[in-house]
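Only heavy atoms go into these numbers, but all of them, side chains included; no hydrogens, no water, no symmetry mates. All chains are named by letter (A, B, ...) in the order of the sequence lines, taking the proteins before the strands, and each is independently numbered beginning at 1.
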Number of protein chains: 2
Amino acid sequence: MQMRKSNKRALFFEETLKLIYEKGFKATTIRDIADRLNFKEANVYNYVDSKQALLEGYIFDIQNEFHTAMNHIIDSTYLPNEKLRLVISSYIQITSKRPYEQALFMNDWRNLKEPRLQEFINSRKAYEEKLKTIIEAGVSQGQFRVLNLTLTTQTIMAALRWLYILYIGQKTNLNPIEVEKQLTDFIFTGIHNE
Amino acid sequence: MQMRKSNKRALFFEETLKLIYEKGFKATTIRDIADRLNFKEANVYNYVDSKQALLEGYIFDIQNEFHTAMNHIIDSTYLPNEKLRLVISSYIQITSKRPYEQALFMNDWRNLKEPRLQEFINSRKAYEEKLKTIIEAGVSQGQFRVLNLTLTTQTIMAALRWLYILYIGQKTNLNPIEVEKQLTDFIFTGIHNE
DNA sequence: GTCTATAATTCGATAGAC
DNA sequence: GTCTATCGAATTATAGAC
């Protein structure tokens with residue numbers, strides 16, 4: 001979506017993204033966006049067809065990025081424990097690069113409308129299922145402890161999904177590599193066999 | 001807030017809570033609420049002064065419950081590792097009893113308005129700080145591994161905050177006690193010393 | 001407690017000139 | 001691309017009768 005064809009266009013999507021993050025999608029009006037960019041309401045429609053299309057662009061863009069990374073990992077010949085490490089790594093990398101999109105992904109997906117809402121939910125579910133499959137394989141091969149699969153999968157997802165906060169407003173001195181180390185430590189020593 | 005003075009009043013707050021959960025607070029209109037209860041818009045104001053007061057009631061009610069439980073734990077003479085177990089336990093108990101309030105707590109707190117919004121943020125921060133203090137004490141006493149304190153605290157909070165999903169629409173066969181066992185296992189084997 | 005009616009405002013989106 | 005002007009719809013909330 002946010003193809004940087006021109007500086008002005010890029011600026012529009014960057015500032016709008018931050019604004020929607022700050023106020024929430026529903027609470028952000030077209031006038032708010034125009035004010036932020038120092039022009040009038042009508043000009044917003046030079047960049048986007050509708051308010052709804054704006055939200056869809058941000059959310060599906062980053063969702064696709066997560067899926068692409070996950071698919072590469074799934075299709076590799078790494079063992080399940082190594083695949084889990086890579087999932088954590090890729091999630092943190094994408095989040096640290098695009099914390100505001102990730103925030104929208106978490107905070108405002110409910111404001112999508114059908115049929116895009118269902119598309120989002122299905123896609124998110126597919127991602128979770130892929131992670132679950134990795135964990136299941138790791139259990140089968142004795143690398144991971146036997147725990148409830150759904151609970152474990154969702155707990156790991158939950159441990160990853162809040163991380164955007166670290167990268168909005170410099171709230172941490174932890175760089176992505178160190179976050180990856182710490183979080184992997186936390187998750188693995190909690191999940192591996194013995 | 002939701003004191004069950006009468007069946008009708010209780011029904012109003014229960015159905016409204018579920019409706020707001022389903023649609024999101026901003027997207028739920030006064031008319032939606034009236035429709036759900038089979039009466040007209042104006043009647044909503046028989047139960048509540050404003051739409052905003054409705055949101056505040058639900059959110060601060062459950063937030064207070066979390067704080068009360070946390071304070072009892074903090075004030076006890078249990079050791080830090082036992083205190084952490086009790087925090088997890090109390091969080092799951094409250095969540096399982098009131099999953100829809102917890103969902104609002106997570107999904108719609110951004111729709112609070114000042115000064116209540118800041119009050120919410122401060123209160124949430126205070127809860128996190130109390131948990132952090134418990135973990136810090138556990139590290140000092142050698143019960144927990146040395147990890148980044150903020151990251152660990154937030155990861156544990158994240159692991160607890162999604163659990164309401166399990167109790168909405170019977171999406172699991174795990175009862176709260178088993179969830180507590182599984183999640184405590186996951187968190188502890190990831191955090192304790194050796 | 002329930003209704004009808006309506007005030008007062010806000011919002012997304014479009015038309016058309018420059 | 002930017003502006004003025006405006007439409008039409010939706011929304012919160014209140015007034016007042018039954």
Rounded to whole Å, CG of B:L54 lies from P of D:dA13 at a distance of 10 Å

From CG of B:L55 across to C1' of D:dT12 the rounded distance in Å is 15 Å

Note: contacts of residues 24-34 of chain B with DNA chain D (heavy atom, under 4.0 Å) are B:T28, B:T29, B:I30

Under 4.0 Å, heavy atoms only, any strand: does A:Y47 hit a base, just the sugar-phosphate, or nothing? sugar-phosphate

[atom1]-[atom2] distance between [X] and [Y], expressed to the nearest 0.5 angstrom:
X: A:Q143; Y: A:I134; atom1: CD; atom2: CD1; value: 11.5 Å
X: B:I135; Y: B:N81; atom1: CD1; atom2: CG; value: 12.0 Å
X: A:L149; Y: B:Q182; atom1: CG; atom2: CD; value: 9.5 Å
X: A:L163; Y: A:I88; atom1: CG; atom2: CD1; value: 10.0 Å
X: A:E65; Y: A:Q102; atom1: CD; atom2: CD; value: 10.5 Å

Problem set entry | A:K51 to A:F25, cation-pi by 6.0 Å centre distance and 45° axis angle | yes

Heavy-atom nearest nucleotide on DNA chain D taken for A:N46 and for B:Y45; more 5' hit belongs to A:N46

Can you hop from B:I121 to B:M70 via hydrophobic side chains spaced under 4.5 Å?
yes

Students should find that the nucleotides of DNA chain C closing off the region near chain B, any atom under 4.0 angstrom from a heavy atom, are C:dG1 to C:dT4

A:N122 meets the side-chain hydrogen bond (donor to acceptor under 3.5 Å, both in side chains) criterion, sequence neighbours left out, with A:Q118

Hits for salt bridge (charged side-chain N to carboxylate O under 4.0 Å, His left out) against A:E128, two or more places apart or cross-chain, chain-then-number order -> A:R161

Residues at least two apart in sequence or cross-chain that pass salt bridge (charged side-chain N to carboxylate O under 4.0 Å, His left out) with A:E178, listed by chain then number, are none

In numerical order, the residues of residues 36-44 of chain B whose heavy atoms come under 4.0 Å of DNA chain C are B:F39, B:K40, B:A42, B:N43

